[in-house]
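Side chains are part of it too, since the values below use all heavy atoms of this structure and drop only hydrogens, waters and symmetry mates. Along the sequence shown, residues carry numbers from 1.
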Amino acid sequence: MKRLLLQFCSSKDIKVFEKNHYVRKMTTDGRTNKSKAVGDVRGHHGQQIHYLIWYETDYGWKNVGAISGGSAVYATGVRDDFFHITKENREKVINGIIDNTLFRLELHEWNLASRIVSLWRNVVVKDWESLYGVKPFALESFVEFAEIDAVTQRVGSLYLADNWTRVGETTGHAKNHVGIGLTGGLHGNPFTRQNVPKKIVFCKWI
């Protein structure tokens, strides 16, 4: 079996992979003069951790993608039910969940994606605790359902192969942070809500 390596890196190092990823790009809706340019990846917020993926090929090591973790989504029903998160314990436990915010793989071989996710979840738990002083207890990932070609669809099979649980789907509505930042909802700075693509939610206890 060929070897894999995750190289700890900065958010700048993964930008080329983000551009090719299916994550949402900035649109004109709700954009301010402080927002990123239209078409740019919206990027990461909060606590975050990034890795370049290296794979040993017959011709030497090759950088085949990137994978990232970030702060957990604050609230979503199916995830909250799975991890028993309530209004009473949310503030206490939410920082113990790592969200797989980016996974872009540009080499397609059988079982490679699930091998990478398995390696990542073992590495990221230790690095997250070292960086942020929090021992994670769970992982989450939100897969935007998309048609890749006429017969293939993105349904998160790689997570199922690594024994994650598909817990359901998001509602398709989200709070918009554009022009507000992380202080939205405070001091007369209200959120707006927007329609977003529904996502399949995968969770895993550590």
Side-chain angles (χ1 to χ4, degrees), residues 2-73 98-128 130-132 139-149 152-159 161-162 164 174 176-179 181-182 196-197 199-200 202:
K2 294 177 181 176
R3 292 180 295 172
L4 286 167
L5 175 68
L6 298 184
Q7 179 189 3
F8 183 87
C9 67
S10 74
S11 58
K12 293 180 180 179
D13 296 320
I14 65 168
K15 286 191 178 299
V16 64
F17 295 108
E18 281 188 310
K19 288 180 180 179
N20 295 329
H21 198 239
Y22 68 90
V23 293
R24 285 190 300 145
K25 311 297 192 295
M26 180 60 69
T27 66
T28 56
D29 295 338
R31 187 178 176 277
T32 73
N33 57 3
K34 295 182 179 180
S35 301
K36 293 189 175 183
V38 173
D40 280 358
V41 175
R42 289 175 180 258
H44 301 264
H45 68 273
Q47 295 174 328
Q48 53 191 271
I49 189 168
H50 310 284
Y51 303 90
L52 295 174
I53 303 166
W54 292 88
Y55 184 55
E56 188 179 31
T57 71
D58 294 335
Y59 307 100
W61 288 91
K62 183 179 179 180
N63 182 201
V64 296
I67 188 166
S68 301
S71 297
V73 171
I98 303 174
D99 186 359
N100 179 202
T101 54
L102 170 75
F103 182 23
R104 173 68 182 181
L105 181 60
E106 297 186 346
L107 176 67
H108 303 290
E109 292 186 5
W110 182 82
N111 202 38
L112 180 57
S114 58
R115 280 185 61 203
I116 292 168
V117 169
S118 177
L119 174 62
W120 172 79
R121 61 180 169 81
N122 284 289
V123 171
V124 76
V125 167
K126 298 175 183 177
D127 288 347
W128 191 270
S130 180
L131 276 175
Y132 298 116
L139 302 164
E140 66 183 20
S141 188
F142 295 81
V143 176
E144 187 172 309
F145 183 88
E147 185 175 291
I148 299 171
D149 54 42
T152 305
Q153 294 173 328
R154 182 183 294 111
V155 294
S157 299
L158 69 97
Y159 295 102
D162 190 43
W164 295 49
N176 191 340
H177 291 258
V178 175
L182 299 180
V196 296
K199 296 180 177 65
I200 307 168
F202 293 88

Any non-hydrogen side-chain atom of [X] less than 4.5 Å from a side-chain atom of [Y]?
X: Trp54; Y: Val64; answer: no
X: Tyr55; Y: Leu5; answer: no
X: Ser71; Y: Gln48; answer: no
X: Asn63; Y: Glu106; answer: no
X: Leu4; Y: Leu112; answer: yes
X: Leu131; Y: Phe8; answer: yes
X: Ile14; Y: Leu52; answer: yes
X: Ser68; Y: Ile49; answer: no

Quiz item: Sequence neighbours excluded, which residues qualify as salt bridge (charged side-chain N to carboxylate O under 4.0 Å, His left out) partners of Arg121?
Solution: Asp162
Quiz item: Considering residues at least two apart in sequence or located in another chain, which fulfil the salt bridge (charged side-chain N to carboxylate O under 4.0 Å, His left out) criterion with Lys62?
Solution: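 Checked Lys62 against salt bridge (charged side-chain N to carboxylate O under 4.0 Å, His left out); zero matches.
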Practice problem: Identify, with sequence neighbours excluded, every residue that meets side chain to side chain donor-acceptor pair (under 3.5 Å) alongside Asp127. | Solution: Tyr51
Quiz item: Residues two or more places apart in sequence or in another chain: which of them pass ring pair (Phe, Tyr, Trp, His ring centres under 6.0 Å) with Tyr132?
Solution: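 Ring pair (Phe, Tyr, Trp, His ring centres under 6.0 Å) check on Tyr132 returns Trp128.
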Self-check item: With Tyr159 via ring pair (Phe, Tyr, Trp, His ring centres under 6.0 Å) - residues at least two apart
Solution: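 For Tyr159 the ring pair (Phe, Tyr, Trp, His ring centres under 6.0 Å) partners, ignoring immediate neighbours, are Trp164, Phe202.
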Exercise. Give every residue pair that meets the side-chain hydrogen bond (donor to acceptor under 3.5 Å, both in side chains) criterion with at least one member in residues 111-120, sequence neighbours excluded.
Key: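 Qualifying pairs: Asn111-Ser114.
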Self-check item: Asn122 side chain to Leu119 backbone, donor-acceptor under 3.5 Å
Solution: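 Here the side-chain-to-backbone pair does not exist.
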